[in-house]
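Read the structure below first, then the notes.
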Amino acid sequence: MSDTALGAKPDPHVSGDDPNRRDFIHIAAGAAAVGAVGALAWPFIDQMNPAGDTLALASIEFDLSKVAEGQQVVVKWRGKPLFVRNRTPKEIAEAVKDDHADMRDPATDESRHKPGKPQWLILIGTCTHLGCVPTFGGGEYGGWFCPCHGSVYDTSGRIRKGPAPKNLAVPDYSFLSDTKVKVG
Amino acid sequence: MSGHSSYEPKTGFERWMDMRLPVIRMAYDSVIAFPTPKNLNYWWTFGGILALCLGIQIVTGIVLAMHYVPHVDYAFNSVERIMRDVNYGWLIRYMHANGASMFFIAVYIHIFRNLYYGSYKAPREVLWILGCVIYLLMMATAFMGYVLPWGQMSFHGAVVITNLLGALPLVGPAITTWLWGGFAVDDPTLNRFFSLHYLLPFVIAGVVALHIWALHVPGNNNPTGVNVKSKADTVPFHPYYTVKDGFAISLFLLLFGSFVFWNPNILGHADNYIPANPLVTPQHIVPEWYFLPFYAILRAVPNKLGGVLLMFGAIAVLFVLPWLDTSKVRSMRYRPQIRPYYFIFLVACVALGWCGAHSPDDPVIPVKSGFMLLDSDINSYVWLSRIAALYYFAYFLVVTPILGLTESPLPVPESISEPVLSHPARGPLETAAASKKG
């Protein structure tokens, strides 16, 4: 850069001067570029979030009469397994008995089902550790056992042993009638 | 790419080109005349092998993408179609799948060679960091590629790995939903993984170009770790190292071929030939062999966030290694005190991989000791991985910084040539050996 060699008309702009029109152009252009990139960044990030049709499929209805006592039906909801379990009185009793046991994520059994319907336990069937699907009937608490990293849940789906930090999640659902629930 | 160029254009075309875009000069300076230490052993051939691996993955991958369908309903079947119906599809897919394993074998040898000979030390820190970046990109690419066939292992592997990020406080769940593009691993996830799996190898190629550039500024390290002092210490890259690398590549391809043609599925999992089922997780879920050590570190910690942080920390620590190492001597050839620690480190890494392949609660020695320590039996893979993981970190964070200050290294040779040509202890021995042979 040898602007001095051009000589005849030296650049009137010397650093340290008050902002002049050229500075204004530089700052305005820079700010516009940064603003444009910033404004465009969000659409390019947000496009990866769930799309409208994905969100639209987010709730399902399920007929409970298909599930016999002591049985569990696994349905797919939001791409994940949903456990719909018709609990036996023995399972309920075991869950209530342990309400005040030492737990990682303390919760009473009552808080995990709808009032007056203790036999219906509806849970999101993904282990709260890393998302594997626990199998029913494994582990020493009569509930679920995760084959991936050995988390053990009781008959209320509460975490009792292993690396998972939280109980199996209870989704938002409501009873439309005695035999029909809407999940999501 | 740096320093004096000895290229002289010979033909009219070369002179014409040299004035406009001196690519022939660049190629000549970096792969023909490039002065290379004359004592590089076969551990130095893995750079060339790795370049070949990347080339094979890109070529086979582009071909596979011509036949693959990134949709949850078609992905599995399109891969089976490649295997059964596409002409030579089986060969190309087996090259690609086993090529990933070969790539990792080569990169692990390359990394351990670096650690032994101190190649990461000044002035090669940036070269080393770029290598770590390539390794990270390789892991991301391999993981996303493994998801594409949409088998049981693909799917549940993707579930487990994406859920790792869910361990982050506050932002975790939002990030996993964002990665998935839904509420679980599903079609949007498969689509974006395919897109990124196609993109990342070219990003790797770009970083490899920077890696080679950063290599050619200071030049190669060498088994003595001593800087090149004069022209007597070097030979031109071609034909000396093109031939040596070429020979090593031939041997490496024999290994590669033995997997592709005789044992194409031995490094994979049978479960991945079952189409993905989001409602059932395979009984025994493990990642590909090259991720097993990190998987073992993850499971060694009984806390979700802690395990994730330690696992990423195991890679992060590599980035700062040049500043953790306090020793002025590069090559461990002259650092007898650290050598046993280095070899135990190798064993610890292999042990971690071995632990990663087993269930945490299984006994290591097939007898129940019945002795519980904290949460697990002392004779279990979880305790073995805890010990090995502890050593892994101790090697970088304790042994490397402290030993560099307290050790007494052996005398380092004056130059690369000196120990061969004039070392008083070596001279007579080698002459004797030579005369015996003769």
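No hydrogens, no waters, no symmetry mates; every other heavy atom, side chains included, goes into these values. Protein chains get the first letters and strands the later ones, always in sequence-line order, with residue 1 at the start of each.
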- Interface check, chain B: of A:Thr126, A:Asn49, A:Thr54, A:Asp46, most non-hydrogen pairs under 4.5 Å belong to A:Asn49
- Query: Of the non-hydrogen atoms in B:Thr281 and A:Cys148, which two are nearest, and what is the gap between them?
  - Reply: CG2-SG, 3.6 Å
- Query: Given a strict heavy-atom distance threshold of 4.5 Å, which part of B:Leu279 is in contact with chain A: side chain, backbone, both, or neither?
  - Reply: both
- Is it true that a side-chain atom of B:Lys304 and a backbone atom of A:Thr128 form a donor plus acceptor pair closer than 3.5 Å? yes
- Query: Would you say the side chain of A:Pro50 lies within less than 4.5 Å of the side chain of B:Thr177, judging by non-hydrogen atoms?
  - Reply: yes
- Decide yes or no on side-chain contact (heavy atoms from CB on, under 4.5 Å) for B:Phe183 and A:Ile124, but give the supporting numbers first. CA-CA 12 Å; B:Phe183 304 104; A:Ile124 295 174; over 6 Å; no
- Point-to-point distance, once rounded to the nearest 0.5 Å, from OG1 of B:Thr189 to CE of A:Met48: 9.0 Å
- Message: Counting only non-hydrogen atoms closer than 4.5 Å, does B:Leu298 touch chain A with its backbone (N, CA, C, O), its side chain (CB onward), both, or neither?
- Response: side chain
- Around atom NZ of A:Lys161, are there more than 12 heavy atoms of other residues, nucleotides or ligands at under 6.0 Å? no
- Please state whether the side chain, the backbone, both or neither of A:Ile45 comes within less than 4.5 Å of a heavy atom of chain B. both
- How close do B:Pro278 and A:Val133 get, heavy atom to heavy atom, and via which atoms? O-CG2, 3.5 Å
- Does A:Phe44 CZ have over 12 foreign heavy atoms under 6.0 Å away? no
- Query: Above 12 or not: heavy atoms from other molecules or residues under 6.0 Å from NZ of A:Lys166?
  - Reply: no
- Exceeds 12 heavy-atom contacts within 6.0 angstrom, atom CD of A:Glu61: yes
- Message: So for atom CZ, which belongs to A:Phe175, do other residues, nucleotides or ligands contribute more than 12 heavy atoms lying within a distance under 6.0 Å?
- Response: yes
- Distance from A:Leu130 atom CG to B:Arg299 atom CZ, nearest 0.5 Å? 11.0 Å
- Can you name the nearest heavy-atom pair linking A:Cys132 to B:Ile285, along with the distance? SG-CG2, 4.5 Å
- How close do B:Ala184 and A:Arg78 get, heavy atom to heavy atom, and via which atoms? CB-O, 3.5 Å
